[in-house]
Amino acid sequence: MSVEKMTKVEESFQRAMGLKKMVDRWRNSHTHCLWQMTLGQRRNPYATLRMQDTMVQELALAKKQLLMVRQAALHQLFEKEHLQYRQELNQMGKAFYIERF
């Protein structure tokens, strides 16, 4: 073979090797991308379960807090009504019966 043909063969070989490396890098990137996507899909159910558990806990705490607020408001209302009844009875010259020990 002549030198020119050898050079062309080497260039073709180098180009083919470069293309092969590029294809291999693309395959690796594609494989890595698919792996990342499936990893994300596997993680999402666990994240969703954790979020649901957190939401359940927050709802339970919110219910407790709402109950406490409503109880305090009801207690204040009863105290206010009791004071009002006491004043009305006092104006009529009457009073609540209070047992003394």
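The figures here come from the full heavy-atom set of this structure, side chains too, leaving out hydrogens, waters and symmetry mates.
- Taking a 4.5 Å side-chain heavy-atom cut-off between Ile, Leu, Val, Met, Phe, Trp and Tyr, the cluster of Leu19 extends to Met22.
- Val23 belongs to no multi-residue hydrophobic cluster, having no ILVMFWY side-chain contact under 4.5 Å with any other such residue.
- Residues that satisfy the side chain to side chain donor-acceptor pair (under 3.5 Å) test with Asp24, not counting sequence neighbours, are Lys20.
- Listed by chain and residue number, nothing satisfies the salt bridge (Lys or Arg N to Asp or Glu O under 4.0 Å) test with Lys94 (two or more places apart in sequence, or in another chain).
- Sorted by first and then second residue, the side-chain hydrogen bond (donor to acceptor under 3.5 Å, both in side chains) pairs involving residues 60-72 (not counting sequence neighbours) form an empty list.
- Between the CZ atom in Arg15 and the OG atom in Ser12 there is a gap of 5.0 Å [rounded to 0.5 Å].
- A distance of 9.5 Å separates CG of Asn28 from CZ of Arg25, quoted to the nearest 0.5 Å.
- Under a 4.5 Å side-chain heavy-atom criterion applied to ILVMFWY residues, the cluster that includes Tyr85 comprises Leu89, Met92, Phe96 as well.
- Annotation: side chain to side chain donor-acceptor pair (under 3.5 Å) contacts of His75 (sequence neighbours excluded): Glu79.
- Grouping Ile, Leu, Val, Met, Phe, Trp and Tyr by side-chain contacts under 4.5 Å, direct or through others, puts Phe78 with Leu74, Leu77.
- Applying the ring pair (Phe, Tyr, Trp, His ring centres under 6.0 Å) test to residues at least two apart or on different chains, the pairs with a partner in residues 11-31 are Trp26-His30.
- Under the side chain to side chain donor-acceptor pair (under 3.5 Å) criterion, Glu88 pairs with Gln84, not counting sequence neighbours.
- The only option from Thr54, Leu61, Val56 that meets the side chain to side chain contact (heavy atoms under 4.5 Å, CB included) definition with Glu58 turns out to be Thr54.
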